[in-house]
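A short worksheet on the structure shown next.
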Amino acid sequence: MIFNFNYEISPLANFSPIGAMALFGGAYFNKRWKAFAFPLLMLLVSDLILHQTVFKKFGNGFLYDGWYWVYSAFALMVLVGRWLLKKITVTGFLASVLICVLIHWIVTDLGIWIGSKTYAQDFNGFIACLKNAIPYEWRFMAGTLAYGIILFGLFEWMKRKYAALQIAGK
């Protein structure tokens with residue numbers, strides 16, 4: 001089987017376009033609500049589908065435990081796109097991807113660590129939680145980078161080809 005939905009063993013766990021969408025929304029959407037709605041609504045749709053199908057046995061209601069940590073992390077990523085990508089450059093894009101990975105790593109793992117029975121509720125417990133997330137964060141970075149190259153690259157190419165998009169890209 002090429003793709004396994006088991007989150008513990010899937011080589012694709014956390015390889016998703018949502019981080020790139022957060023950066024893209026922050027960089028290109030003039031209206032603040034659209035910048036946040038673009039990635040957060042896509043995250044909600046994917047969470048609802050996965051929560052009601054693949055991960056149903058882990059559910060405890062509408063969404064998973066700690067969903068608000070994840071959504072907060074992606075909202076912060078939109079802000080990174082707004083602040084760092086006022087002018088799109090390769091360096092700015094790469095820096096914003098790294099910052100997004102750090103945000104995702106710290107914020108979502110903080111949500112896992114707080115009140116956890118698995119990790120000690122001290123600094124060493126938090127560090128252990130962060131260490132266990134490294135493989136997932138590598139995949140998150142790869143997904144954000146790959147999808148970001150596609151989103152930003154295609155849009156910048158289309159802006160050059162279609163004059164009407166010049167206004168949309170400002």
Side-chain angles (χ1 to χ4, degrees), residues 1-27 35-36 38-85 90-152:
M1 178 179 226
I2 293 173
F3 183 62
N4 184 327
F5 282 112
N6 183 329
Y7 70 99
E8 294 174 350
I9 61 174
S10 175
L12 297 177
N14 270 26
F15 186 91
S16 82
I18 307 294
M21 293 170 73
L23 286 174
F24 186 87
F36 287 95
F38 177 57
L40 294 177
L41 284 176
M42 294 314 302
L43 181 60
L44 179 63
V45 168
S46 66
D47 279 350
L48 290 173
I49 291 168
L50 289 172
H51 186 69
Q52 296 303 314
T53 58
V54 177
F55 300 119
K56 191 172 183 102
K57 67 181 178 181
F58 301 107
N60 63 351
F62 185 64
L63 285 175
Y64 47 89
D65 288 335
W67 64 269
Y68 41 87
W69 291 97
V70 175
Y71 284 72
S72 298
F74 284 102
L76 289 171
M77 290 178 213
V78 171
L79 293 175
V80 168
R82 290 185 80 75
W83 292 330
L84 282 183
L85 297 173
V90 172
T91 305
F93 169 71
L94 293 174
S96 65
V97 168
L98 289 176
I99 292 169
C100 284
V101 171
L102 289 173
I103 288 170
H104 186 268
W105 192 23
I106 292 168
V107 173
T108 60
D109 281 15
L110 191 63
I112 291 168
W113 172 72
I114 291 176
S116 170
K117 292 177 177 46
T118 305
Y119 299 104
Q121 296 299 291
D122 57 18
F123 182 74
N124 290 332
F126 184 56
I127 296 302
C129 183
L130 290 173
K131 283 182 182 176
N132 286 336
I134 290 172
Y136 298 99
E137 295 309 324
W138 278 113
R139 286 174 252 171
F140 179 73
M141 182 169 60
T144 303
L145 191 58
Y147 287 109
I149 289 169
I150 293 167
L151 283 172
F152 283 86

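Heavy atoms only: backbone and side chains are in, while hydrogens, waters and symmetry mates are out. This structure is a prediction, so every number in the text was calculated from the model and none was measured. For this chain, numbers begin at 1 and follow the sequence in order.
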Which pair of heavy atoms, one from [X] and one from [Y], lies closest together, and at what distance?
X      : Y      : result
Ile18  : Leu43  : CD1-N, 4.0 Å
Gly25  : Ala35  : O-CB, 3.3 Å
Leu85  : Ala27  : CB-CB, 3.7 Å
Leu23  : Thr144 : CD1-CG2, 4.3 Å
Ala146 : Phe15  : CB-CZ, 4.1 Å
Met77  : Cys100 : CG-SG, 3.5 Å

Side-chain contact test, heavy atoms from C-beta onward, threshold under 4.5 Å: evaluate it for [X] versus [Y] and give yes or no.
X      : Y      : result
Leu130 : Trp113 : no
Phe74  : Ile103 : no
Arg139 : Pro135 : yes
Glu137 : Leu102 : no
Trp69  : Ile112 : no
Leu76  : Leu79  : yes

Next on the checklist: I'd like to know if the side chain of Asp122 reaches the main chain of Gly125, judged simply by a donor and an acceptor atom lying under 3.5 Å from each other, with no hydrogens or angles considered.
Outcome noted: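 Looks like yes, one N/O pair under 3.5 Å.
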Next on the checklist: For Phe126 and Tyr119, I'd like to know if the aromatic rings sit close, meaning centre-to-centre distance below 6.0 Å.
Outcome noted: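 So the answer is no for these two rings.
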Reported [atom1]-to-[atom2] distance for the pair [X] and [Y], which is rounded to 0.5 angstrom:
X      : Y      : atom1 : atom2 : answer
Asn124 : Lys131 : CG    : NZ    : 8.5 Å
Thr108 : Trp67  : OG1   : CH2   : 15.0 Å
Asn14  : Trp105 : CG    : CH2   : 13.0 Å

Checklist entry - Taking the inter-plane angle between the rings of Phe152 and Phe24 on a 0 to 90° scale, is it parallel (under 30°), tilted (30 to 60°) or perpendicular (over 60°)? => result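 Phe152 and Phe24: perpendicular rings.
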